[in-house]
Amino acid sequence: MDKVYNQQEVENKWYKFWEDENYFKATPGDSKKPYSLLMPPPNVTGALHLGHAMQHSILDAIARFKGMQGFNVLLLPGVDHAGIQFEGTLNKLLEKEGTSKYKLGREEWLKRAWKFKEESYNSVSATWRTMGLSADWSREVFTLDPKVAKAVLTEFKTFWEQDLIYKGAYIVQWCPKDATAIEDVEVEYEERKEKLYYLKYGPFTLATARPETKFGDTAMAVNPNDKRYKNDIGKEFEIETLTGMRKMKLVGDEAIDPKFGTGVIKVTPGHSFVDYEIGKRHNLPIIHVIDKTGRLTEIAGKYAGMKVAEAREAMLPELREKGILVKEEEYTHTVPVCERCKTVVEPIISEEWFVSMQPLAQKALKRIGEVSFAPKNYQKIISDWIKNIHDWCISRPLWWGYQIPVWYCLSCNPTHQVANKSSRGVIISQNKPTENCSSCGKQDWVQDEQLLDTWFSSGLWPMATLGWPENTVEFEKYFPWDFEISAGEIKYLWIARMIMLSLHFTDQIPFKNMFFHGMIRDLQGRKFSKSLGNGIDPNELREQWGTDALRMALFSYSAPGRDGRANKQTMDERAKNFRNFGTKLWNIGRFIIDMKSNVILNEVKEIDSSTTLRSAQNDNDKQILEKLNKTIKEVTKNLETFNLHLATETLYEFIWHEFADKYIESTKNRREQAQPVLEHVFRTCLELLHPFMPFITEELWQKIPHQGKSIMAAAWPE
RNA sequence: GGACUCGUAGCUCAGUGGUAGAGCGCUUCGUUCACAUCGAAGAGGUCAGAGGUUCGAUACCUCUCGAGUCCACCA
């Protein structure tokens, strides 16, 4: 054996060997009990980060463990097209090149998008392999693949026929920068110090943080039990709007907090969620003041065309002059911003597509208990969200992804009117329909412009990857998945949706075990982000310390649901520790394999555990075998319960401080007698360690007496 | 305003109803030894604070303080 362990060479050699010998390939046809693991598809927008590396290492460790236990393992990989995020990243790139989405036009842009997807994908794919992932590459899926397209169409069509999809004008969170509706879950709140303005509205004074929406006011509201205003409820007042006088009613509504400001608020149903609801209850008209680019509309008179923040400043002098603005107060509140671009989002009324979630939610709540969560409390967190679920806005004005498969008949439905499946001049189809319109008999189809929300397709991930809606062998064998993993971040967007969709369409939960890993943050506890420049490149760590060492370092952060803090230095420290552990293993190997006495070298060895145990007469032998047994039990238990951080700790402690430090030292003066036990314990350790450190364990295992072609196929020690 | 998580050695983190743990860092010593990518020895902690349950609490309960996350239409 070489004196020094050549990590790079060993990693390349064995990964190629495993792939060439089909060790990663799932075999749905065989009779072994299945164990299926579904890789969450990373976005095809850039390189993989430390969190991915951890997630994939966990998946791989469990897959290898289950494989050694004799299961028929499927670890299925894939990537997500990630609509909004992908377009955002690509458009930034185009901006740098001095061009843009709109300059290129849809066709050219899409060509460019596919090229960009390939580049990103290649980087992702390369990292997967170097991390040692034992995924079945022959079954890799991209969310825009034809088989997923088929599933998405089925999903849409089924919802449509079940009357769960509808189109309508609703108030939605709108990001002016991304020019798209976004969902509640994609909105973040930032604390801002702003002003609260007290404005004269006829006989009343009211407080508002948003004077610029004044042009869209159609009423005033008070709490119906507020004695100060009780007698005025229902009366109409002439109100100065800066563009003329307008009649507004004072309505009574429970939603109003009498303690806020003066107890009176202005109602702008077109640009506030609360006001929209109040408007619905009192039949108030809606006026659009803010357009989809975040500027005021012509309703705002001379302020038209200004951005919201500009307009707010610009109108203050006039408000003061006319005696409308009577008081200003410092005011700290939270404003909604887009989680991606941090732009203040505007509630805007827009034509969007929705899925009615109530029936799905009810079913999910009944059966969510069938999913075993780690940590356990995630079941409650997700259930609570599902209990209060809103309808799902699934339309997005994008170009990258699935276009809504709705076609309008231009002859009988030129304005794209549609409420539900009974609307006329509408048809659901993936491609341009070839049939005639059932209403007017003509063939003049045009497709809905918008695209489907990315999660509409990734919500089907557990099913679509196995060929659903076809009843495939794979689906039969591997669904529901035994193991799924995710960051806590997307528990609602993705995990909750997969559970609801899967139960709705297949009547089965999508996965039996749902593991949430924590998030690795920087030393101040902030998320890693490009803008902060605090990210750590897993590839850099891997090149420096080796894949096995990096994986071990990541496992030490893998306690379910626990966040960790790290920077390059602390990651280096941990990785270095496990690189040293690898060196230790290598030297144990050299001792056992190379440093045999001549007597042993001449002997023909076969593995026979009874021989091993019989020869273990010495107290040290008995002790180490006993401790090994305990270690096997503990490691197995911790793997079964997905406590990889404990499993690795146990092994580290046993191998280094029991086996190497104590037992090996004790054998130096009775080498021949101890050799069978040395080999037995070492081989068992390598097998136990293989799920975590796949490369060095294979390399060393091949050098000692063993059965079979690869440690991947060795039986898990018992 | 609700819900949750965390607070343990200088740093990053495990852990447990019964004498406080690891790695890194630090101090001292040690290279004919499988291993200096190492070994031996060591310093370093009222386990955030207060109260309660208990024979016994760092662990279980309550409160306080501190850090963080998520949810919520506060104008």
Side-chain angles (χ1 to χ4, degrees), chain A residues 1 3-5 7 171 173 184-185 187-189 196-197 206-211 213 217 220-221 253 255-257 259-268 271-278 331 333-336 347 375 377-378 380-382 384-385 387-388 390 488-489 491-492 518-521 523-527 545-546 549 552-553 555-559 561-567 569-596 643 645-646 648-650 652-653 656-657 660-661 664-665 667-668 671 678 682:
Chain A
M1 276 170 76
K3 206 166 173 191
V4 178
Y5 170 58
Q7 157 245 319
I171 188 156
Q173 301 276 17
D184 297 344
V185 269
V187 173
E188 282 176 1
Y189 291 85
L196 192 62
Y197 303 93
L206 55 79
T208 180
R210 306 205 55 187
T213 59
D217 293 342
M220 294 167 292
D253 197 290
I256 314 304
D257 176 4
K259 290 197 275 296
F260 178 81
T262 59
V264 189
I265 67 150
K266 62 195 209 56
V267 183
T268 323
H271 300 285
S272 151
F273 286 92
V274 193
D275 296 8
Y276 179 77
E277 293 300 324
I278 295 174
Y331 184 50
H333 66 151
T334 50
V335 297
N377 63 335
Y378 271 72
K380 186 179 175 299
I381 295 173
I382 291 177
D384 286 349
W385 183 75
K387 271 179 206 152
N388 298 312
H390 295 13
E489 259 189 321
K491 55 186 175 289
Y492 306 127
M519 187 183 280
I520 302 181
R521 302 164 177 280
L523 290 185
Q524 284 93 59
R526 299 173 305 181
K527 275 191 206 178
W545 306 109
M552 288 295 273
F555 291 131
S556 70
Y557 274 106
S558 75
R562 290 284 187 93
D563 286 357
R565 295 179 176 202
N567 62 10
Q569 193 197 327
T570 63
M571 282 310 297
D572 275 340
E573 282 167 5
R574 282 195 191 211
K576 179 180 161 192
N577 173 228
F578 290 111
R579 189 276 318 264
N580 293 353
F581 180 56
T583 307
K584 194 73 184 175
L585 282 173
W586 188 253
N587 283 306
I588 295 171
R590 287 177 61 209
F591 178 78
I592 294 176
I593 299 154
D594 285 2
M595 306 289 158
K596 288 179 189 175
N643 285 307
H645 62 301
L646 298 180
T648 47
E649 198 187 303
T650 305
Y652 178 95
E653 172 65 24
W656 200 318
H657 300 302
D661 287 356
I664 289 182
E665 288 306 321
T667 63
K668 284 183 176 167
R671 188 54 203 276
L678 279 169
F682 191 46

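Just so it is clear, the values below take in all heavy atoms, side chains as well, and ignore hydrogens, waters and symmetry mates.
Within the 4.0 Å cut-off from OP1 or OP2 of U12(B), not a single side-chain nitrogen or oxygen of N567(A) is found. Remark: W656(A) is not in phosphate contact with C38(B), judged by side-chain N or O atoms under 4.0 Å from OP1 or OP2. Dashed line: the shortest gap from a side-chain N or O of K576(A) to OP1 or OP2 of G25(B) is under 4.0 Å.
Side-chain contact, N577(A) with R574(A): no donor N or O sits under 3.5 Å from an acceptor N or O.
Counting heavy atoms from C-beta on, the side chains of W656(A) and F581(A) come closer than 4.5 Å. In this structure, I265(A) and I278(A) have side chains that are in contact, with non-hydrogen atoms separated by less than 4.5 Å. Annotation: side chain of R590(A) is in contact with side chain of K3(A) (closest heavy-atom distance under 4.5 Å). Contact annotation: the side chain of W545(A) approaches that of D572(A) to within less than 4.5 Å [non-hydrogen atoms, C-beta and beyond].
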Might you list the N or O atoms of the protein lying below 3.5 Å from N or O atoms in nucleotides 67-70 of chain B, with each pair's distance?
unit_1, atom_1, unit_2, atom_2, d
C70(B), O2', Y492(A), OH, 3.3

Give me the distances for all protein-to-nucleotides 15-17 of chain B N/O pairs that come in under 3.5 Å?
unit_1, atom_1, unit_2, atom_2, d
G15(B), OP1, H645(A), NE2, 3.1

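Contact annotation: side chain of E653(A) to base of A14(B), donor-acceptor pair absent below 3.5 Å. At a cut-off of 3.5 angstrom, counting only N and O atoms as typed in the model, there is no donor on one side facing an acceptor on the other between the side-chain of T570(A) and the base of U12(B). Counting distance only, with no hydrogens placed and no angle test, the side-chain atoms of K668(A) and the base atoms of A34(B) include a donor-acceptor pair under 3.5 Å.
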Secondary structure string for RNA chain B (Watson-Crick or G-U under 3.5 angstrom, | for other-strand pairs): (((((((..((((....[..)))).(((((.......))))).....(((((..]....))))))))))))....

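If you check every strand for non-hydrogen atoms under 4.0 Å, A221(A) touches nothing. Nucleic acid contact class of L523(A) (heavy atoms, under 4.0 Å, all strands): sugar-phosphate only. At the heavy-atom level, Y5(A) lies nowhere under 4.0 Å from the strands shown. Residue Y557(A) is in sugar-phosphate contact alone, with no base atom involved, counting any heavy-atom pair closer than 4.0 Å across all strands shown. Within 4.0 Å (heavy atoms only), E665(A) reaches at least one base atom of the nucleic acid. In this structure, V267(A) reaches neither bases nor backbone, as no heavy-atom distance under 4.0 Å exists between it and the strands shown. If you check every strand for non-hydrogen atoms under 4.0 Å, R590(A) touches sugar and phosphate atoms only. Residue contacts for G564(A): at a heavy-atom cut-off of 4.0 Å it reaches the sugar-phosphate backbone alone, with no base atom in range.
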Stepwise side-chain contact (heavy atoms from CB on, under 4.5 Å) test for F273(A) and I171(A): CA-CA 7 Å; F273(A) 286 92; I171(A) 188 156; 3.8 Å; yes

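Nucleotides of RNA chain B nearest to F260(A) and A660(A) differ in position, and the one nearer the 5' end is that of A660(A). Comparing V4(A) and K380(A) by the nucleotide of RNA chain B whose heavy atom lies nearest to each, the residue mapping closer to the 5' end is K380(A).
For T268(A) (side chain) and H271(A) (main-chain N/O), no donor-acceptor pair under 3.5 Å exists by modelled atom type. Formation of a donor-acceptor pair under 3.5 Å by the D594(A) side chain with backbone atoms of M1(A) is found in this model.
Closest approach to the R210(A) side chain among G23(B), U37(B), A75(B) is made by A75(B) (side chain taken as heavy atoms from C-beta onward). Comparing atom distances between the D661(A) side chain and each of A72(B), G39(B), C24(B) picks out G39(B) as nearest.
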